[in-house]
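Below: one structure, written as structure tokens.
This is a predicted model, so every value here is computed, not measured.
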Amino acid sequence: MLAIAAGAAFVGLFALWVLVPRFFIRRKENENVAATQMRHDDAAQPAPSPAD
């Protein structure tokens, strides 16, 4: 019983220490990529001419 509890504690702490931060880092990187792509898309469009 003690071995099962120790194993569960190890898995839980591993998830908190490794997997959860990795999830947040990946989510932040995806937001940064999306924002960068939007800026490039805006810059790629020609400016409207004064006659429009």
Between CG of N32 and CD of E29, what distance do you get to the nearest 0.5 Å?
-> 7.5 Å
Atom pair CG (N30) and CZ (R26), whose distance is rounded to the nearest 0.5 Å |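 Here the interatomic distance stands at 8.0 Å.
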pair F23-R27: side-chain heavy atoms closer than 4.5 Å |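 In short, these two side chains touch, coming nearer than 4.5 Å.
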So L13 and W17, side-chain contact (heavy atoms from CB on, under 4.5 Å) or not? Walk me through it.
-> CA-CA 6 Å; L13 290 174; W17 187 49; 5.8 Å; no
Nearest heavy-atom neighbours spanning P21 and A15 =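 Nearest heavy atoms, P21 then A15: CD-O, 4.4 Å.
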